[in-house]
Number of protein chains: 2
Amino acid sequence: MGMREVASAAGVSVSTVANVLSRPAIVAPATVERVRRAIDEVGYVPNGPARQLRGRPSPIVGSVTLDLANPFHAEVNRGIEDRLAEAGCVLLTCSTDLRPATETRLLRVLEQQGVRGIIISPADAAQLPAISRRGTPVVLLDHPKERLDLCAVAVDDVLGGRLAGEHLRARGHRRIAYLGATVDPAPVARRRAGLRAAVGEIIDVRVDMHPPSLGAAAAAAAERIVALAPTAVVCLNDTAALGLLDGLAALGVRVPADLSVVGYDDLPFARRLAPALTTVRQPTYQLGQAAAELLLDEERPGHTHREVRFQPSLVVRSSTTYIDEHRLTG
Amino acid sequence: MGMREVASAAGVSVSTVANVLSRPAIVAPATVERVRRAIDEVGYVPNGPARQLRGRPSPIVGSVTLDLANPFHAEVNRGIEDRLAEAGCVLLTCSTDLRPATETRLLRVLEQQGVRGIIISPADAAQLPAISRRGTPVVLLDHPKERLDLCAVAVDDVLGGRLAGEHLRARGHRRIAYLGATVDPAPVARRRAGLRAAVGEIIDVRVDMHPPSLGAAAAAAAERIVALAPTAVVCLNDTAALGLLDGLAALGVRVPADLSVVGYDDLPFARRLAPALTTVRQPTYQLGQAAAELLLDEERPGHTHREVRFQPSLVVRSSTTYIDEHRLTG
DNA sequence: TTGAAAGCGCTAACAT
DNA sequence: ATGTTAGCGCTTTCAA
């Protein structure tokens with residue numbers, strides 16, 4: 001059911017059908033009408049790839065993140081999707097699980113498909129400028145622009161880590177543990193750096209992020225953490241904090257009486273946990289919107305690459321408390 | 001940088017380049033080598049749309065659900081993505097927000113792009129058989145096959161609702177409210193039907209699912225619910241239950257002492273809420289995997305449409321309790 | 001073993 | 001106002 005069938009059904013040429021579709025003003029009203037009817041009649045569906053081959057831009061934008069099921073990334077993707085929808089575009093979401101090989105494979109597929117652009121939270125940013133140079137716009141997500149010749153949307157992760165650290169220090173904590181991943185994604189590593197800067201020294205505890213789930217891994221790490229006797233733990237994100245709370249509860253460790261816990265992201269459940277989780281909030285949905293905005297702007301003639309920066313903010317709840325003086329002095 | 005450039009760089013014809021790419025065995029080893037080198041040299045990236053125009057299948061599969069940021073759908077999508085990755089395919093995720101117009105627009109885009117197939121949790125299934133007939137395989141997700149000539153992955157939602165209802169009745173509850181959406185998605189409506197069948201009568205409370213968030217809407221509904229004086233509330237999902245717990249806490253209503261609450265989905269946070277949430281679990285990730293499996297099977301010669309069915313299960317925690325006899329009799 | 005050529009469905013310049 | 005035609009990048013006969 002191509003334009004050919006429509007043309008013959010309407011008794012016109014294919015170019016007239018094409019004109020009705022792209023510049024109806026150029027065609028006689030009666031003809032337009034006839035062609036429209038023929039289109040419905042034969043159930044014509046335009047062939048996207050053929051159009052793209054002729055130079056039309058693809059309506060597809062790729063999003064490459066750690067994990068599309070991660071609530072943070074899911075919310076970011078929704079922000080992207082909504083902004084793209086205004087431009088008639090649609091979102092192809094990919095998970096890398098932080099594996100460079102997967103990331104490379106996905107980027108190759110996206111580039112081959114000739115997507116409108118790629119929004120990526122990269123495991124490895126090295127290959128991105130080449131992709132951009134070959135003609136597929138790339139926007140960095142949750143990643144600073146630095147010297148890269150790309151647009152970027154970033155959150156001040158170092159500040160986020162620092163906020164958590166200062167909060168704990170102000171409450172008297174000195175032995176502070178950091179629950180991270182075996183290999184931290186770059187934004188997480190930056191948070192740790194900020195925390196480090198604020199508290200001087202960190203007791204590192206690492207868990208495997210992937211299998212079977214971050215939450216379970218964090219729960220399993222509870223014992224290890226307790227053995228190190230910190231007075232507070234900062235977790236790489238709320239999901240890890242959730243798991244850790246589970247593990248601590250199983251060990252009979254009271255939060256925050258025995259141990260303060262800080263999360264990151266302020267996911268919807270954070271405020272209703274037992275205890276309510278102190279955490280660092282990021283403007284998640286807005287991150288996505290901003291990234292989509294930057295990407296769509298790439299087609300504008302005068303476009304220049306820029307960075308949009310967001311600030312995290314500390315949300316204090318009841319999973320952190322003042323250090324027990326007795327424990328300090330006794 | 002098309003095959004033309006590669007061909008001239010390697011001193012061969014385009015068809016030889018094409019052969020090196022698709023049937024290297026046919027080409028002289030020395031030539032293969034030379035062409036491979038030329039490919040790297042010029043930075044050749046195959047043109048997907050052109051290939052597709054020549055008959056290659058698209059590597060893109062579309063997923064159409066209520067909301068890709070919804071944790072349930074996000075997890076389902078991850079299951080789809082992982083299974084697709086094994087086949088070298090990639091996932092385009094779309095949110096309809098239950099709006100038929102949005103759904104139709106998205107389906108049109110997907111069909112025009114000539115995607116490999118569409119996995120959909122439909123707001124309106126009527127247009128799907130036509131799409132399938134025109135050549136784009138469609139798999140129903142979280143939707144029974146019924147008389148439709150399509151593959152489907154379904155959960156026994158009626159059973160899920162019934163499990164919740166029977167649980168509450170067994171604990172003495174008789175005034176049971178149901179917190180639903182102004183317009184329930186079909187699976188949610190089926191759960192309600194199951195609940196209804198188990199408990200005889202339901203006190204309906206409806207909230208607007210969309211803006212600004214389901215959780216907030218559920219929290220706002222707390223007062224309305226309390227006024228109706230049920231002894232238990234079944235929520236359309238865990239996110240709504242989370243919000244409701246918030247609202248109830250603000251009103252000083254104790255759960256489960258004053259009111260029992262049941263969720264749906266068993267999201268990761270459910271077991272760590274205060275109180276831990278009784279809920280109905282669905283095999284989320286597996287739903288996605290099964291849907292992808294069915295879709296990939298559509299290309300197999302002997303394929304026939306079939307339905308894969310999953311069972312939900314009740315997870316009893318501490319947000320539900322026996323009805324207080326004093327309140328009943330006193 | 002390699003190359004020439006036709007054509008996938010569409011668009012746009014050009015001719016009528 | 002409409003039609004003719006060339007060609008987007010690729011695959012695939014078919015011929016050399």
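Below, read A as the first sequence line, B as the second, and so on, with proteins coming before strands; counting in each chain starts at 1. Any value given below was found using the heavy atoms of this structure, including those in side chains, with hydrogens, waters and symmetry copies removed.
Of the possible donor and acceptor atoms, none in the side chain of A:D40 sits under 3.5 Å from a partner among the backbone N and O of A:R37. For the pair A:E103 (side chain) and A:A123 (backbone), a donor-acceptor distance under 3.5 Å is present. Judged purely by atom type and a 3.5 angstrom limit, A:T16 has no side-chain atom pairing as donor or acceptor with the backbone of A:V12. A distance-only check finds a donor-acceptor pair linking the side chain of B:S58 to the backbone of B:I60 [under 3.5 Å]. Judged by distance alone, with hydrogens and angles left aside, the side-chain atoms of B:T104 form a donor-acceptor pair with the main-chain N or O of B:P100 at under 3.5 Å. Within the 3.5 Å criterion, the main-chain N or O of B:L98 finds a donor-acceptor partner in the side chain of B:T96.
Between A:R116 and A:E298, no side-chain nitrogen of the basic residue sits less than 4.0 Å from a carboxylate oxygen of the acidic one, so the salt-bridge criterion is not met. Between B:R78 and B:E75, none of the side-chain N atoms (NZ, or NE/NH1/NH2) sits under 4.0 Å from a carboxylate O, so this pair counts as no salt bridge.
At a threshold of 4.0 angstrom between heavy atoms, the contacts of B:T31 are confined to the sugar-phosphate backbone, with no base atom among them. B:A18 comes within 4.0 angstrom of a base, heavy atoms only.
Between its opening and closing five pairs, the helix from C:dT1-D:dA16 to C:dT16-D:dA1 changes axis direction by 40°, a value rounded to 10 degrees.
Between the side chain of A:T16 and the base of D:dG3, no donor-acceptor pair of N or O atoms lies under 3.5 Å. Under 3.5 Å, the side chain of A:S15 and the base of D:dT4 form at least one donor-acceptor pair of N or O atoms.
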Restricting to nitrogen or oxygen on both sides, can you table the protein-nucleotides 14-16 of chain C pairs closer than 3.5 Å?
none

Extract from the structure each pairing of a protein N or O with an N or O of nucleotides 7-9 of chain C at less than 3.5 Å, listing the distance.
unit_1	atom_1	unit_2	atom_2	d
C:dG7	N2	B:R54	NE	3.1
C:dG7	N2	B:R54	NH1	2.0
C:dG7	N3	B:R54	NH1	2.8
C:dG9	N2	A:A50	O	3.4

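Distance CG (B:L21) to P (D:dT11): 7 Å, rounded to an integer number of Å. In this structure, B:I26 atom CD1 and D:dT13 atom P are separated by 12 Å, rounded to whole Å. The nearest whole Å value for the distance from the CG atom in B:N19 to the P atom in C:dG3 is 10 Å. Between B:R56 atom CZ and D:dG9 atom P the separation is 17 Å, expressed in whole Å.
For the atom pair CZ of B:F310 and CG of B:D157, the computed distance is 13.0 Å after rounding to the nearest 0.5 Å. Atom-to-atom distance recorded for A:S63:OG and A:I120:CD1 is 9.0 Å, nearest 0.5 angstrom.
Other residues, nucleotides and ligands contribute over 12 non-hydrogen atoms within 6.0 Å of the CZ atom of A:R134.
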